[in-house]
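Each remark here refers to the structure printed beneath this line.
Computed from a predicted model, the values in this text were never measured in an experiment. Order of the sequence lines fixes the chain letters, A, B, ..., with proteins taken first and strands second; residue numbering starts at 1 for each chain.
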Number of protein chains: 2
Amino acid sequence: MQQQLRAHLEKIVALTDEEFDVVLAHVRERRYKKREFLIQEDQMVSDAYFVVSGLLKLVYTDDSGRQHILSFAMEDWWESDFRAFYTQTAATLSLQCVEDTAVFCLSLESYHALCADLPKLQRFFLQKATFGSIAAQQRIFSLLTTNIQERYDQLLQQYPALVQRLSKTMLASYLGVSRETLSRLS
Amino acid sequence: MQQQLRAHLEKIVALTDEEFDVVLAHVRERRYKKREFLIQEDQMVSDAYFVVSGLLKLVYTDDSGRQHILSFAMEDWWESDFRAFYTQTAATLSLQCVEDTAVFCLSLESYHALCADLPKLQRFFLQKATFGSIAAQQRIFSLLTTNIQERYDQLLQQYPALVQRLSKTMLASYLGVSRETLSRLS
DNA sequence: GGCGAGGTGTGACCTACGTCACAAGTATTG
DNA sequence: CAATACTTGTGACGTAGGTCACACCTCGCC
């Protein structure tokens, strides 16, 4: 597990053993079962999570009880209700296991400490945030400009492995269409 | 103009005069007229822009010539085709003046230099990127969960001043509806 | 091995929104 | 100040996708 985190960090910044030890001192390993919640609506968000194995979904449940999936997080992804995490307010989203999942947990305190102690890590998070925000813009773009068939095709092409691991119901919720409509696509 | 940039930076990180001089050494002041392009599709993106005064729109033009507005940038906002900027590839978006606009230009080289020389600035950009990506997620969220009336109301509430400065056509394009439908809202 | 929960496909029908067309009104520019 | 371009509202009509209802299938579990 540790090796995977290190490899992930080193894709962006090279680390000495000592530096990586500092990182390890700030994260906790945890395992969750399918359907378990890492974050629940209205509760405080203690951590951001790095997914080592498994699959998570980030969900908003609206007033009429409908679930909207904002994103999935699989191996090597960071996920949390980042708004709630950074501002230390109650979560509006929930984060739940689609499969049994192993993660590293990083508290906001540890995040700040790491950024302060290791400028390299700050560079790492800057790059993650930058490309995260670019990816989010691409998704906005795709929601604005494409119909569902195209969106589904794009997803299939970009993340074929992810699509395999999800039910059609969850996919529909992620793409922003009804289950029935997705089921009628070619 | 310089004062405004400094105040903007100091909302997040305190700067000495010397530090701010380093920043100034890395940015260029420029003025553009209404309808002028800062970035044009298919061209290289030399800079990210800090808007001092005026108003910009970030636009994607699809194959059938339809314009989709991804975002607006007004006073104190940073804007660019960030994907193209960070990866130094050709722009897929264009950035155009809605009004006469004054900006500071920051090249990628200068951006990297500033981050390396002034860790504070890296912290500044990290915070901007973090909250930028949170804001993008909120927009995705709103595109997934709300109808047009709600989206329009939300925008009116959050940015009443911005709405005043935009034509209904541009608003519609930003909200992802046809001009006619927007015009029929209460 | 039977039972309940979750997942999937499909028909019938409804509705929010897009498209096209036209008529006015209001800036912008020579 | 006249000409032209941009903006806005509104009617008529088409359609993508939502909703509801039902059938069936698979899989975990007592």
Side-chain angles (χ1 to χ4, degrees), chain A residues 32-37 54-57 59-69 72 94 96-100 140-156 162-186, chain B residues 32-37 54-57 59-69 72 94 96-101 140 142-156 162-186:
Chain A
Y32 294 87
K33 288 270 161 207
K34 183 169 176 171
R35 262 169 256 264
E36 246 188 293
F37 285 90
L55 182 55
L56 304 173
K57 61 177 181 179
V59 175
Y60 174 74
T61 308
D62 71 20
D63 304 337
S64 49
R66 242 177 288 266
Q67 291 214 148
H68 304 271
I69 297 180
F72 297 104
S94 62
Q96 191 182 11
C97 293
V98 174
E99 307 170 355
D100 292 359
I140 289 171
F141 169 73
S142 126
L143 287 170
L144 282 177
T145 63
T146 66
N147 64 21
I148 281 133
Q149 178 74 258
E150 288 171 307
R151 244 134 79 198
Y152 181 57
D153 291 346
Q154 275 174 23
L155 187 70
L156 256 176
L162 177 62
V163 174
Q164 297 304 324
R165 293 160 75 178
L166 298 170
S167 71
K168 296 285 166 84
T169 308
M170 280 193 279
L171 266 177
S173 165
Y174 174 76
L175 292 168
V177 269
S178 71
R179 188 186 67 68
E180 292 93 328
T181 298
L182 183 65
S183 149
R184 279 185 255 259
L185 291 186
S186 64
Chain B
Y32 294 86
K33 287 271 161 207
K34 183 168 176 172
R35 262 167 257 266
E36 248 188 291
F37 285 91
L55 182 54
L56 303 172
K57 60 176 181 180
V59 175
Y60 173 75
T61 307
D62 70 21
D63 303 336
S64 49
R66 243 175 288 266
Q67 291 214 149
H68 304 271
I69 297 180
F72 297 103
S94 62
Q96 189 182 12
C97 294
V98 175
E99 306 170 355
D100 292 358
T101 301
I140 289 171
S142 128
L143 287 169
L144 282 177
T145 62
T146 66
N147 64 20
I148 281 132
Q149 179 76 57
E150 287 171 309
R151 244 134 78 198
Y152 181 57
D153 291 346
Q154 274 175 22
L155 187 69
L156 256 175
L162 177 62
V163 175
Q164 296 305 324
R165 293 160 75 179
L166 297 170
S167 71
K168 295 284 166 84
T169 309
M170 280 193 279
L171 266 177
S173 164
Y174 174 78
L175 292 170
V177 268
S178 71
R179 188 188 67 69
E180 292 92 329
T181 299
L182 183 65
S183 151
R184 279 185 254 259
L185 293 186
S186 64

Select from B:Asn147 and B:Arg35 the residue whose nearest nucleotide in DNA chain C is closer to the 5' end of that strand.
B:Asn147
Whole-Å gap separating P (C:dG18) and CD1 (A:Ile148)
13 Å
Testing D:dT19, D:dT7, C:dT19 for proximity to the side chain of A:Arg66, the answer is D:dT19
Roughly, in whole Å, what's the span from CD in A:Gln67 to P in C:dG6?
12 Å
Looking at D:dG17, I'd like to know if its phosphate oxygens (OP1 or OP2) sit under 4.0 Å from a side-chain N or O belonging to A:Thr181.
no
A:Leu185 atom CG is separated from D:dA16 atom P, nearest whole Å, by 12 Å
Closest heavy-atom pair, A:Lys34 versus A:Val98, reported as atoms and distance to 0.1 Å, is CG-O, 3.5 Å
Measure up the B:Tyr174 and B:Phe72 rings against each other and bin them: parallel (under 30°), tilted (30 to 60°), perpendicular (over 60°).
tilted
Need one value for B:Ser178: base, sugar-phosphate or nothing, where a base atom within 4.0 Å counts as base even if backbone is also close, heavy atoms only.
base
Taking any heavy-atom pair under 4.0 Å as a contact, classify B:Thr169: base, sugar-phosphate, or nothing.
sugar-phosphate
Take atom CZ of B:Arg151 and atom P of C:dC17, then tell me their distance rounded to the nearest Å.
8 Å
Decide yes or no, distance alone: a donor-acceptor N/O pair under 3.5 angstrom between the base of D:dG9 and the side-chain of B:Arg179.
yes
Using OP1 and OP2 only, check whether a side-chain N or O of B:Lys34 sits under 4.0 Å from C:dT28.
yes
Starting at NZ of B:Lys57 and ending at P of D:dC6, how long is that distance when rounded to a whole Å?
11 Å
In short, B:Leu166 meets B:Met170 closest at the heavy-atom pair CD2-CE, 4.2 Å
Taking any heavy-atom pair under 4.0 Å as a contact, classify A:Ser183: base, sugar-phosphate, or nothing.
base
Which atom of B:Gln149 lies closest to which atom of B:Leu185, heavy atoms considered:
OE1-CD2, 3.6 Å
Salt-bridged, A:Lys33 to A:Asp100, with N to O below 4.0 Å?
yes
Nucleotide of D:dG17, D:dT19, C:dT8 approaching A:Arg184 most closely (side-chain heavy atoms):
D:dT19
Measure the distance from CD on B:Gln96 to C1' on D:dC6 and round it to the nearest whole Å.
14 Å
Please report, rounded to the nearest Å, how far the P atom of C:dG7 is from the CG atom of A:Leu171.
12 Å
Does a distance-only test, which skips hydrogens and angles, find a donor-acceptor pair under 3.5 Å between the side chain of B:Glu180 and the base of C:dC17?
no
In this structure, how many angstroms lie between the P atom of D:dT8 and the CE atom of B:Met170, rounded?
8 Å
